[in-house]
S.K.: 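Quick one: the structure is below, and I'll ask about it shortly.
Every chain is numbered from 1, with letters handed out A, B, ... down the list of sequences.
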Amino acid sequence: DTEVTQTPKHLVMGMTNKKSLKCEQHMGHRAMYWYKQKAKKPPELMFVYSYEKLSINESVPSRFSPECPNSSLLNLHLHALQPEDSALYLCASSQRLGQGISGANVLTFGAGSRLTVL
Amino acid sequence: AQSVSQHNHHVILSEAASLELGCNYSYGGTVNLFWYVQYPGQHLQLLLKYFSGDPLVKGIKGFEAEFIKSKFSFNLRKPSVQWSDTAEYFCAVTRRDDKIIFGKGTRLHILP
């Protein structure tokens, strides 16, 4: 299995809703990432987990709350979002975090969850 | 600020033309370098990568890139493009702090 699976593919929510995005990989990767991508823009790093511990938080507002229940799963909990948070949310994984010569930090991306906040 | 710059935002070529997309990064330390591609309606996927060794790296679908350390560049090339190469191309850099930073992307449109 060489895929990163994201659900749901599409999500529409109001500003008072609570919802979650889910990401799953079975490649044995120990680093998992959330990126946000707006139309015609590059992916922007949000969070990185390494061995199920939060390693990087790019000063993301607290209305986004990541969770890594185990080495295969990554969630992004959403609460009180704003319309400007509408975007494609990408999950990615790599064998591990960090630089090297082995290619262990090559990202495998999921197809994304397209979020619309009304 | 440390950044990745892609000079061409939108490139239009005819089939069989040669392609070169520029990528420069401003980080002075050790970096790992990547090109990712996003075909229409598909997810981001790795095109090629450079970690060390031969600065000329070959990727999938006939693409190659050359790392020139003195110029802080990692330009993507293909001698003869095809209509199926229509996609958005992102240069990316992994820095010592483990962050992976993407350039703004180049939208490539190949005319049949």
S.K.: Do Met15(A) and Leu21(A) belong together in a cluster built from hydrophobic side chains that touch within less than 4.5 Å?
M.R.: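 In one cluster with Met15(A): Leu21(A), yes.
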
S.K.: Using the rule that Ile, Leu, Val, Met, Phe, Trp and Tyr join whenever any side-chain heavy atoms are under 4.5 Å apart, tell me whether Tyr50(B) and Ile101(B) fall into a single cluster.
M.R.: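 Tyr50(B) and Ile101(B): one cluster.
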
S.K.: Do Lys99(B) and Glu58(A) come within less than 4.5 Å of each other through their side chains, counting heavy atoms only?
M.R.: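 Side chain of Lys99(B) against side chain of Glu58(A), heavy atoms only: contact under 4.5 Å found.
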
S.K.: Any idea which heavy atoms bring Pro42(A) and Phe90(B) closest together, and the distance?
M.R.: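 Smallest heavy-atom distance, with atoms named: CA-CE2, 3.5 Å.
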
S.K.: Checking Gln37(A) against chain B: side chain, backbone, both or neither under 4.5 Å from a heavy atom?
M.R.: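 For Gln37(A), the contact with chain B is made by the side chain alone.
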
S.K.: Is any side-chain heavy atom of Tyr36(B) closer than 4.5 Å to one of Leu107(A)?
M.R.: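 When only atoms from C-beta onward are counted, Tyr36(B) and Leu107(A) do touch, with a gap below 4.5 Å.
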
S.K.: Answer with yes or no whether the hydrophobic clustering places Phe34(B) together with Phe109(A); edges join I, L, V, M, F, W, Y residues whose side-chain heavy atoms lie under 4.5 Å apart.
M.R.: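 Yes.
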
S.K.: Treat each ILVMFWY residue as a node, draw an edge where side-chain heavy atoms are under 4.5 Å apart, and state whether Leu74(A) and Leu54(A) are in one component.
M.R.: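 Cluster IDs for Leu74(A) and Leu54(A) match.
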
S.K.: Under 4.5 Å, counting heavy-atom pairs only, tell me which of Leu88(A), Ile56(A), Val48(A), Leu45(A) racks up the most with chain B.
M.R.: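 Of the candidates given, the most pairs with chain B belong to Ile56(A).
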
S.K.: Report which part of Leu44(B) has an atom under 4.5 Å of a heavy atom belonging to chain A: side chain, backbone, both, or neither.
M.R.: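 Answer is both: backbone and side chain atoms of Leu44(B) are under 4.5 Å from chain A.
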
S.K.: Tell me, for Gln38(B) versus chain A, whether the close heavy atoms (under 4.5 Å) come from the side chain, the backbone, both or neither.
M.R.: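 Side chain of Gln38(B) only, per the 4.5 Å heavy-atom cut-off to chain A.
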
S.K.: Are Phe47(A) and Tyr33(A) joined in one hydrophobic group, where the rule is that I, L, V, M, F, W and Y side chains link up if heavy atoms are under 4.5 Å apart?
M.R.: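 As far as the 4.5 Å side-chain criterion goes, Tyr33(A) and Phe47(A) are not connected within one cluster.
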
S.K.: More than 12 heavy atoms of other residues, nucleotides or ligands under 6.0 Å from NZ of Lys18(A): is that the case?
M.R.: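 Count not over threshold, so no.
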
S.K.: Which heavy atom of Asn105(A) sits nearest to which heavy atom of Ile100(B), and what is that distance?
M.R.: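 Shortest heavy-atom contact: O-CD1, 4.1 Å.
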
S.K.: For the residue pair Ala111(A) and His43(B), what are the closest heavy atoms and their distance?
M.R.: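 Residues Ala111(A) and His43(B), closest heavy atoms: CA-CB, 3.6 Å.
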
